[in-house]
Amino acid sequence: QVQLVESGGGLVQPGGSLRLSCAASGRIFSINAMGWYRQAPGKERELVATITGGESTKYADSVKGRFTISRNNTKNTVYLQMNSLKPEDTAVYYCYGLVRRYSWSSSQSDYWGQGTQVTVSS
């Protein structure tokens, strides 16, 4: 079994910062891509940022220049540093990982965290 657990969400004022963390645990050989999605009330889940094993990154246009994704492969952890937060960033943030569980199999599967609430409000 593989588990992803997010932390770091909360309430912050507009213009403030938060840092989300997501740690993967369980039977893991390697993790290829990791990333963050978010879902606001009444909206579809959307991509926020992704990072590959080689640390290539991709961001949604709405967060470019404000959010930074990074990872620690030793700890199987992905981070999302969020600066200059806006009310429209309010959402539940979900992390995911594309996990290869066994050295003898090239098969990979997506795993998701349970989500962490980020609320940007004065």
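Listed by first and then second residue, the salt bridge (charged side-chain N to carboxylate O under 4.0 Å, His left out) pairs that reach into residues 92-114 come to none, sequence neighbours excluded.
Of the possible polar contacts, one joining the E6 side chain to the Q114 backbone as a donor-acceptor pair under 3.5 Å is found. Judged purely by atom type and a 3.5 angstrom limit, R38 has no side-chain atom pairing as donor or acceptor with the backbone of T90. Using modelled atom types, no side-chain atom of S107 and backbone atom of S105 make a donor-acceptor pair closer than 3.5 Å.
The side-chain contact (heavy atoms from CB on, under 4.5 Å) with N76 is formed by just one residue from the set V2, L4, I31; it is I31.
Annotation: side chain of V99 is not in contact with side chain of F29 (no heavy-atom distance under 4.5 Å). Between M34 and C95 there is no side-chain heavy-atom pair separated by less than 4.5 Å. Contact check for R71 versus N73: side-chain heavy atoms found under the 4.5 Å cut-off. Here the side chains of V12 and S17 are not in contact, with every heavy-atom distance at 4.5 Å or above.
Of all the heavy atoms in N72 and T74, the pair that sits closest is OD1-N, 3.0 Å. When all heavy atoms are compared, the tightest approach of T119 to Q117 is OG1-NE2, 3.3 Å. The shortest heavy-atom contact between A40 and A91 is N-CB, 3.8 Å. Between V48 and V63 the shortest heavy-atom distance is O-CG2, 3.6 Å. In plain terms, the two heavy atoms of L80 and A49 that are nearest each other are CD1-CB, 4.3 Å. Nearest heavy atoms, G8 versus L18: O-CD2, 3.8 Å.
To the nearest 0.5 Å, atoms OG1 (T50) and CH2 (W36) are separated by 13.0 Å. Interatomic distance, CG of L98 versus OG of S109, reported as 8.0 Å (0.5 Å rounding). One finds the CD atom of Q1 at 6.5 Å from the OH atom of Y111 (value rounded to the nearest 0.5 Å). Distance check: R19 CZ to M82 CE gives 11.5 Å after rounding to the nearest 0.5 Å.
A perpendicular orientation is assigned to the rings of W112 and Y37, their planes being inclined by more than 60° (bins at 30° and 60°).
Applying the salt bridge (Lys or Arg N to Asp or Glu O under 4.0 Å) test to R66 and every residue at least two apart in sequence or in another chain returns D89.
Counted within 6.0 Å of CD on Q3, heavy atoms from surrounding residues, nucleotides or ligands total 12 or fewer; the atom is thus considered open. More than 12 non-hydrogen atoms from other residues, nucleotides or ligands lie less than 6.0 angstrom from CD of E88.
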